[in-house]
Amino acid sequence: VVQQLVNERLKILELTIFEKHFQELRDRVDKIDCATKHQTAINSLQSKIARLAKKFGEANQIEGGAPSLGKTPALSVKKEKEEMEIGEEKEPDMARHTAMARKLAEYSEGRCRADVKLRTISSQLERVLYHNCQRSSGNPRPDRYASYIFRYLVPYDIYCDWVAKVNYVGLMGKEALPRNLRRTIRMYLDRRFPFLSTDRWREIRDAINEILRVKRRPDFFREYDDSAPVLF
């Protein structure tokens, strides 16, 4: 009986020690697994951060040659924002200017005169006309430039037939200038003055209408002579 009690005690003691060692072993395994998972998560996060930093750095270099620091410099962000705001402010004005240019070139209040054969303006003459349209300050005047282009495109005999009968878009019961003439004038203006305001286009229209209001002398529409200076 005593031996049996001793054996039972020993078994209980062995089970207790085994369970204790087993629990310690389980705790160690759990710690190892947890550490491995944490390390894996850390490695994955570091890899993602490195990829993002590389992308931001490449973007900075493409946009402004900024060093790859993993984030966009504050000054670059501010400058880009200001440029975007300026661009947004300009877009409505640009749309209005384009609409006015198209209206002046295409739209007519009255009946249009038939297209006419226009005189040729050489590149040399065009440079002279542009130079002469400048103010004393050196700033070119679009209305004066358009006036010169009109006078050198239109033959004098055709002009005489238009006086007091034709204006730019056919207002006040008059006929409108031929479409091919207005398109050609617009082409020259777009080359020299690509961003004209609506007020400038009105000045251009008024300048040409003034020429058509009262008959001018023949030399006002004379042909260009390469051997002589252009006088106005």
Side-chain angles (χ1 to χ4, degrees), residues 87 90-91 93-110 112-171 174-232:
K90 287 183 177 180
E91 285 180 0
D93 290 337
M94 291 296 297
R96 288 195 296 272
H97 301 164
T98 303
M100 177 59 71
R102 188 177 295 111
K103 181 176 180 180
L104 289 172
E106 309 290 342
Y107 174 75
S108 301
E109 285 283 348
C112 285
R113 283 291 178 112
D115 288 354
V116 296
K117 183 177 181 180
L118 304 175
R119 299 194 295 186
T120 301
I121 297 179
S122 66
S123 58
Q124 180 184 357
L125 172 58
E126 191 278 331
R127 288 193 296 270
V128 173
L129 298 179
Y130 180 73
H131 174 76
N132 287 349
C133 81
Q134 296 179 4
R135 299 183 176 90
S136 57
S137 61
N139 297 323
R141 285 181 51 177
D143 58 331
R144 182 179 293 177
Y145 177 76
S147 171
Y148 293 159
I149 293 295
F150 173 82
R151 288 154 51 184
Y152 276 85
L153 284 174
V154 179
Y156 184 69
D157 59 335
I158 294 177
Y159 160 74
C160 290
D161 183 54
W162 289 352
V163 173
K165 303 174 186 176
V166 176
N167 58 31
Y168 204 105
V169 296
L171 293 171
K174 296 182 179 181
E175 293 179 296
L177 288 175
R179 285 191 173 90
N180 71 323
L181 173 59
R182 282 183 287 163
R183 289 171 182 167
T184 303
I185 293 173
R186 177 190 170 190
M187 178 191 70
Y188 280 103
L189 286 165
D190 284 345
R191 291 177 181 174
R192 291 294 190 177
F193 308 94
F195 305 114
L196 290 175
S197 67
T198 54
D199 290 339
R200 291 289 176 267
W201 276 107
R202 292 190 185 98
E203 291 173 358
I204 291 167
R205 177 197 62 192
D206 294 343
I208 293 176
N209 284 345
E210 180 61 25
I211 298 173
L212 292 164
R213 189 177 64 85
V214 180
K215 186 176 178 180
R216 307 300 177 97
R217 300 188 308 273
D219 58 350
F220 196 71
F221 280 77
R222 66 180 173 276
E223 297 284 352
Y224 176 67
D225 183 0
D226 288 331
S227 63
V230 178
L231 301 177
F232 302 101

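Reckoned from all heavy atoms, side chains included, excluding hydrogens, waters and symmetry mates. As the structure is a computational prediction, the values presented were derived from the model and not from experiment.
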inquiry  = For a side chain to side chain donor-acceptor pair (under 3.5 Å) check, start with the C-alpha distance between Y145 and E126, then their side-chain angles and the critical distance, and finish with the verdict.
reply    = CA-CA 9 Å; Y145 177 76; E126 191 278 331; 2.5 Å; yes
Are [X] and [Y] packed together at the side-chain level, in the sense that at least one heavy-atom pair is separated by less than 4.5 angstrom?
X    : Y    : value
R182 : V169 : yes
V163 : V214 : no
S122 : Y152 : no
C160 : K215 : yes
N167 : R213 : no
R151 : I211 : yes
N132 : V128 : yes
L212 : L177 : yes

ask   = Without hydrogens or angle criteria, can the side chains of E109 and Y168 be said to hold a donor-acceptor pair below 3.5 Å?
value = no
Spatial distance of atom [atom1] ([X]) from atom [atom2] ([Y]) [nearest 0.5 Å]:
X    : Y    : atom1 : atom2 : result
C133 : R141 : SG    : CZ    : 9.0 Å
I208 : I149 : CD1   : CD1   : 10.0 Å
R200 : L189 : CZ    : CG    : 12.5 Å
I204 : F150 : CD1   : CZ    : 13.5 Å
R119 : I158 : CZ    : CD1   : 9.5 Å
D190 : L196 : CG    : CG    : 7.5 Å

query = Do R205 and D143 meet the salt-bridge criterion of a basic N to acidic O distance under 4.0 Å?
reply = no
Closest contact, heavy atoms only, [X] versus [Y]:
X    : Y    : value
R216 : E210 : NH2-O, 3.4 Å
A176 : V166 : C-CG1, 3.8 Å
Q134 : R144 : O-NH1, 3.6 Å

task = With salt bridge (charged side-chain N to carboxylate O under 4.0 Å, His left out) as the test, would you mind laying out the steps for D206 and R202 before giving the verdict?
result = CA-CA 6 Å; D206 294 343; R202 292 190 185 98; over 6 Å; no
side-chain contact (heavy atoms from CB on, under 4.5 Å) evaluation trace for L118 with N180 = CA-CA 9 Å; L118 304 175; N180 71 323; 4.0 Å; yes
request  = Kindly assign one of parallel, tilted or perpendicular to the pair F193 and Y130, based on the angle between their ring planes and the thresholds 30° and 60°.
outcome  = tilted
query = Would L125 and L129 satisfy side-chain contact (heavy atoms from CB on, under 4.5 Å), going step by step from the backbone distance to the final call?
reply = CA-CA 6 Å; L125 172 58; L129 298 179; 3.9 Å; yes
query = Does the side-chain contact (heavy atoms from CB on, under 4.5 Å) test come out yes or no for V154 and W162, once each step is laid out?
reply = CA-CA 10 Å; V154 179; W162 289 352; 3.8 Å; yes
